[in-house]
Amino acid sequence: MKKFKLLTASLLMVLTVPQAIAAEESESGGTVSPTYEYTEVWVPEGDSGALGTWSKLVNIPASAFADARVGDVIRVNFDLEAGEDLLYQLQVIVKSVEEKRDVRIETRTDIAQGYYCYTITGEPRGAAGDTDLAMLHAHGLYLKGQYASVRNVEIGRETNTGISEMIENGFNSDVVEYYSIDGRKVSVPGKGIYIRVRNGKSQKVIF
């Protein structure tokens, strides 16, 4: 199992595009944002993670979500096919507990950024009224799409460590750190949007 930590500026119900993790300016010396520890829970064998062009249904088994709970973030990472003007799209499905009827979480969402995130809400979805967590525990997650292959699946859980802890413990210097919009620490920012952390405050910046 691989473990590492990501910083997100806010936790939303569904994180499907980079701007969903926009940073907010922190006005106090308290917690800037929650930190999440991600654990790899599933890796496809061979080409079993290939989506084709809407021709395959990739099942991430229920066993991958055995320890999942409400508030956890499911992150599916993809390898994208090379090519010009390709539409990297994804459909995300869970199935009702008893009848295994399709319940669509996403119909056609863009995954050009190379990943898809979903936060488990514990709320009912679909006609049967099953919660998303119950359906994940029963049948796992199903993916359809095009021009991408699943590289791996990770589950993120909020922790009380990381940047928030440094700030609460009195971290207050001119040290500047940058994070990508999906929470990965960046040594030297390139062109794009980043989260800058300095003197206990986080701010979205554009280079």
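This chain uses plain numbering: 1 for the first residue, then up along the sequence.
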Once you round to the nearest 0.5 Å, how far does [atom1] of [X] lie from [atom2] of [Y]?
| X | Y | atom1 | atom2 | value |
| --- | --- | --- | --- | --- |
| D47 | K56 | CG | NZ | 5.0 Å |
| Y36 | C117 | OH | SG | 11.0 Å |
| D72 | R157 | CG | CZ | 4.0 Å |
| T119 | E158 | OG1 | CD | 11.0 Å |
| D130 | H137 | CG | NE2 | 13.0 Å |
| W54 | R108 | CH2 | CZ | 4.5 Å |

Using a 6.0 Å cut-off, check whether atom CG of D79 has over 12 heavy atoms from anything other than its own residue.
yes

Does CZ belonging to R101 count more than 12 external heavy atoms closer than 6.0 Å?
no

Hey, any chance [X] and [Y] share a hydrophobic cluster, counting ILVMFWY side chains that come within less than 4.5 Å of each other, even indirectly?
| X | Y | value |
| --- | --- | --- |
| I74 | L90 | yes |
| V150 | L86 | yes |
| V58 | L80 | yes |
| V97 | L141 | yes |

Is any side-chain heavy atom of I155 less than 4.5 Å from a side-chain heavy atom of T39?
no

Going by heavy atoms in the side chains, are N152 and E154 under 4.5 Å from each other?
yes

Donor-acceptor under 3.5 Å ([X] side chain, [Y] main chain):
| X | Y | answer |
| --- | --- | --- |
| T121 | E123 | yes |
| H139 | V94 | no |
| Q146 | L87 | yes |

Can you list the steps and then say if Y38 with R75 is a side-chain contact (heavy atoms from CB on, under 4.5 Å)?
CA-CA 9 Å; Y38 277 73; R75 178 179 171 119; 3.7 Å; yes

Distance under 6.0 Å and angle within 45° of the ring axis: does K185 meet both against Y178?
no

Do the side-chain N and O atoms of Q89 and D110 include a donor-acceptor pair separated by under 3.5 angstrom?
no

Consider only side-chain N and O atoms of Y118 and D132, and report whether a donor and an acceptor are under 3.5 Å apart.
yes

Knowing that exactly one of [options] qualifies, which makes a side-chain contact (heavy atoms from CB on, under 4.5 Å) with [X]?
| X | options | result |
| --- | --- | --- |
| V92 | V76, T107, I105 | I105 |
| I93 | V103, L143, D102 | D102 |
| Y88 | T109, I111, L51 | I111 |

Results of side chain to side chain contact (heavy atoms under 4.5 Å, CB included) for P61 - residues two or more places apart only:
W42, S63

Under the side-chain contact (heavy atoms from CB on, under 4.5 Å) rule, what do Y116 and E106 come out as? Steps first, then yes or no, please.
CA-CA 10 Å; Y116 168 82; E106 299 286 350; 3.1 Å; yes

Considering all heavy atoms of both residues, which atom of S187 and which atom of P189 are nearest to each other, and what is their separation?
O-CD, 3.9 Å

Stepwise side-chain contact (heavy atoms from CB on, under 4.5 Å) check, I60 with Y142:
CA-CA 6 Å; I60 303 165; Y142 295 81; over 6 Å; no

Any chance you could lay out the side-chain contact (heavy atoms from CB on, under 4.5 Å) test for R125 and M135, step after step, and finish with the verdict?
CA-CA 9 Å; R125 300 187 69 111; M135 290 185 280; 3.9 Å; yes

